[in-house]
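Residue numbering restarts at 1 for every chain, and letters A, B, ... go by the order of the sequence lines. On a predicted model such as this, the values are computed, not experimentally measured, just so you know.
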There are 2 protein chains.
Amino acid sequence: MKNQKRTTIYDIARKLNLNASSVSRALSNTSKVSEATKKLIFDTAKEMNYQPNSLASNLRRGSNRTIGVIVPRINQNFFANVIAGLEEITYEHGYNLVICQSNESYEREVECVNTLINQQVNCIVISVTADFQDDEHIRNILKHGIQLIQFDRVADNVDTFKVLNDNRQSSIEAISHLIGQGYKRIALLEGPQNLNIFRQRKEGYLEALRMHGFDIVPELMRENAWTQELSATATRELLSLPNPPDAIFASTSDFSALGVLEVATKMGISVPDQLGICGYSNEAFTEITSPSITTIDQHSVDMGKAIAKLYFKEARSEAEVSVPRIINIQPQLIIRDSTLKN
Amino acid sequence: MKNQKRTTIYDIARKLNLNASSVSRALSNTSKVSEATKKLIFDTAKEMNYQPNSLASNLRRGSNRTIGVIVPRINQNFFANVIAGLEEITYEHGYNLVICQSNESYEREVECVNTLINQQVNCIVISVTADFQDDEHIRNILKHGIQLIQFDRVADNVDTFKVLNDNRQSSIEAISHLIGQGYKRIALLEGPQNLNIFRQRKEGYLEALRMHGFDIVPELMRENAWTQELSATATRELLSLPNPPDAIFASTSDFSALGVLEVATKMGISVPDQLGICGYSNEAFTEITSPSITTIDQHSVDMGKAIAKLYFKEARSEAEVSVPRIINIQPQLIIRDSTLKN
DNA sequence: TTATAAAGAACAATCGATTGCATTAAAATA
DNA sequence: TATTTTAATGCAATCGATTGTTCTTTATAA
């Protein structure tokens with residue numbers, strides 16, 4: 001059960017008194033082989049349990065029909081969904097996915113990029129770490145003639161294909177909805193501002209307040225509240241203010257929103273009457289908390305599909321002059337009980 | 001920004017008036033190169049932005065330091081976690097992960113296996129589809145001299161390395177716990193019995209009842225209730241019986257358990273007083289439903305790590321005679337409110 | 001100083017599929 | 001029947017790194 005040598009096209013050729021080139025052409029279905037020999041070759045290949053050696057053809061073709069993916073965490077819902085969507089489309093095109101996780105470490109992200117460059121992947125799909133420092137490694141991808149598609153968390157200054165959520169717009173909608181429900185003092189839980197997505201969500205928050213003629217109250221904006229624990233802490237502080245907020249937009253994640261909800265419940269503050277809560281991401285659990293949590297769906301699986309389609313339709317066939325496109329996936333506000341005062 | 005030719009060891013050699021072999025040896029740090037030239041080569045490599053071409057070295061070495069993973073769904077919590085665990089360890093060893101999802105389709109699973117064989121991956125890690133039909137393709141992996149580790153859902157009859165959860169034992173514990181809480185008529189929601197895991201959970205259920213001298217009541221056992229919807233339907237039927245169950249073990253997943261909980265809530269049946277509910281998997285949401293749901297944690301990330309370690313410690317170095325090992329990861333009963341009558 | 005060893009570098013084959021070009025055989029045309 | 005066209009197949013180089021073997025050049029020992 002060990003190491004019997006693999007059958008190669010040479011083995012098949014020898015057996016049939018043919019040349020390897022004919023075998024190759026037959027198997028790849030090039031027209032230059034007669035039907036008779038083609039059949040013969042196919043049958044023999046099956047009989048000898050032949051499996052083409054991709055390593056060899058990859059080297060020859062200089063491509064391995066592979067897309068490399070780098071995400072902070074594979075098992076984070078959003079990323080897992082994007083990857084699932086990606087896989088679905090790449091599979092249809094006979095491409096494979098090599099997956100790396102940077103674990104939110106910049107150093108590791110750089111290593112992942114290098115590995116994928118060595119592997120000669122056709123394209124790298126990346127969402128950068130929160131620990132993002134500079135974009136040298138991102139640029140290096142392009143220097144090696146490898147296609148690059150950034151998504152969600154991106155290095156703004158590098159001119160590449162990008163697939164984004166319109167975080168600003170969705171935040172505006174969320175805040176407008178809260179205002180529409182009669183909330184007057186809306187707090188914001190922010191994520192690290194070196195990430196585009198969190199900056200944009202904050203912009204949306206500010207813009208919406210401005211649009212509706214609300215004051216911007218610095219004490220209602222809390223930095224770096226992007227885990228459940230950090231959010232809980234921030235919430236405790238917020239709710240202890242002399243003039244506490246009557247709504248909290250947990251712009252970083254639904255886990256943050258959950259932290260808010262738990263604190264409010266413990267403090268005997270009723271949601272949504274005394275406090276409105278809006279999260280981000282539409283995690284499965286937001287539907288079943290009590291009350292259920294208003295949130296924003298990112299259409300993550302569709303995002304993955306969009307990335308793959310972008311590659312196959314445009315990036316792959318790209319001419320000398322690149323015109324990197326940016327695709328915006330429209331997120332969707334999902335209104336649930338946690339913000340329905342009526 | 002396009003297709004500048006990559007630097008190869010030949011380019012470096014030419015520039016330094018050396019032979020490519022020396023460059024290769026220098027870069028791979030073989031002792032047969034003088035320190036002086038080694039330094040020269042390293043510097044030039046950096047200067048020319050050299051990245052080794054893995055495709056070429058893969059072909060030469062006949063291996064690509066890659067582990068292929070086939071799971072039904074990448075974005076299912078359990079599998080995403082296993083993959084994350086896998087990645088963590090394989091990364092440490094400089095290996096890559098190629099990921100495929102079979103989408104619960106047998107046909108597609110076969111295709112995935114073939115792709116990975118062609119790619120000459122060093123090892124295939126697989127959890128089979130619910131649609132599992134025969135193990136021809138699994139055996140084919142071994143025929144090609146590729147290491148194989150099955151996990152969770154496995155083809156029982158193929159003698160390979162396996163990493164499993166002790167589903168039977170965990171089910172026994174769950175049922176014993178229910179009995180200990182005073183539940184008398186315990187129903188079972190089963191998954192497809194062609195999958196080992198669901199068979200074992202059923203066995204555990206039966207065994208526990210026997211151990212405690214309980215009757216086995218066929219009408220309390222529902223086949224194929226393995227989605228939230230199917231479980232909800234099954235639950236409605238069960239609770240409408242003349243003599244309904246007072247506890248339900250949703251052995252297939254926490255989503256099933258959630259279906260049970262929702263139906264019970266709608267029917268005004270109080271959990272845990274009138275109905276105990278136990279799920280499987282310890283999904284994040286089980287902690288925050290009301291009441292929170294008793295479930296079984298599979299230690300999925302650890303499972304992924306165990307798989308990788310198994311490969312690097314044993315499978316990889318394996319001698320001619322293979323002694324495939326089976327590793328059992330002990331799942332853990334997490335007791336929550338949905339089964340605490342007291 | 002000569003013989004011998006050892007280190008350093010060059011040479012060349014190899015992994016297996018692909019592909020441009022050359023050759024042969026068969027078919028179509030004159 | 002002679003000639004041209006076309007289809008089928010063979011030949012050989014190639015992709016880039018690796019590695020066993022051979023050849024030089026030093027350094028070391030006798």
Side-chain angles (χ1 to χ4, degrees), chain A residues 3-42 44-45 48-66 94 115 117-122 144-145, chain B residues 3-42 44-45 48-65 94 115 117-120 122 144-145:
Chain A
N3 259 356
Q4 338 157 301
K5 228 146 284 127
R6 287 170 71 107
T7 315
T8 72
I9 54 170
Y10 293 98
D11 299 327
I12 298 177
R14 204 171 308 123
K15 186 155 193 174
L16 294 177
N17 261 320
L18 283 170
N19 188 281
S21 58
S22 298
V23 177
S24 170
R25 285 190 248 260
L27 293 172
S28 64
N29 228 342
T30 312
S31 56
K32 296 292 204 87
V33 187
S34 74
E35 285 305 319
T37 39
K38 200 182 279 183
K39 176 159 178 13
L40 213 58
I41 288 171
F42 268 94
T44 314
M48 299 176 76
N49 195 18
Y50 169 76
Q51 298 271 18
N53 183 333
S54 309
L55 300 186
S57 72
N58 286 347
L59 172 59
R60 181 61 228 253
R61 286 196 326 262
S63 134
N64 55 5
R65 295 172 200 273
T66 292
T115 312
I117 291 178
N118 297 352
Q119 299 251 333
Q120 305 260 69
V121 295
N122 292 95
H144 281 272
Chain B
N3 260 355
Q4 336 156 299
K5 228 146 281 127
R6 286 170 73 105
T7 319
T8 71
I9 51 170
Y10 293 97
D11 299 327
I12 298 177
R14 204 171 308 123
K15 186 154 193 173
L16 295 177
N17 262 322
L18 283 170
N19 189 281
S21 59
S22 298
V23 178
S24 170
R25 284 189 245 260
L27 293 172
S28 64
N29 227 343
T30 311
S31 57
K32 293 294 202 86
V33 187
S34 73
E35 285 305 321
T37 39
K38 200 181 279 185
K39 176 158 178 10
L40 212 57
I41 288 172
F42 267 95
T44 315
M48 299 176 77
N49 196 18
Y50 170 77
Q51 298 271 15
N53 183 333
S54 311
L55 300 185
S57 74
N58 286 347
L59 172 61
R60 181 61 229 251
R61 288 196 326 261
S63 133
N64 55 4
R65 295 174 202 272
T115 311
I117 291 178
N118 297 352
Q119 300 250 333
Q120 306 260 68
N122 292 95
H144 281 272

Is there a donor on the side chain of A:Thr8 or the base of C:dC15 sitting less than 3.5 Å from an acceptor on the other?
no
Describe the nucleic acid contact of A:Asp11 in one word from base, sugar-phosphate, nothing, applying a heavy-atom distance below 4.0 Å.
nothing
For the student: nearest non-hydrogen atoms of A:Ser24 and A:Ile9, plus distance:
CB-CD1, 4.3 Å
A:Arg25 CZ - C:dG20 P separation (whole Å)
9 Å
Shortest non-hydrogen contact from B:Gln119 to A:Leu55?
O-CD2, 3.6 Å
Between the side-chain atoms of B:Arg61 and the base atoms of D:dT18, is any donor-acceptor pair under 3.5 Å?
no
B:Leu59 or B:Ser34: which one's nearest nucleotide on DNA chain C is closer to the 5' end?
B:Ser34
For A:Ser24, which contact category applies under a 4.0 Å heavy-atom criterion: base, sugar-phosphate, or nothing?
base
Hey, is the main chain of B:Gln51 close enough, under 3.5 Å, to the side chain of B:Arg6 for a donor-acceptor pair?
yes
With a non-hydrogen cut-off below 4.0 angstrom, is A:Asn17 in contact with a base, only sugar-phosphate, or nothing?
sugar-phosphate
Could you state the atom-to-atom distance from CD of B:Gln119 to P of C:dA17 in whole Å?
14 Å
Search all heavy atoms of A:Ser34 against all heavy atoms of A:Thr37 and return the closest pair with its distance.
OG-OG1, 2.7 Å
Give B:Ser54 one of three labels, base, sugar-phosphate or nothing, depending on what nucleic acid heavy atoms sit under 4.0 Å from its own.
nothing
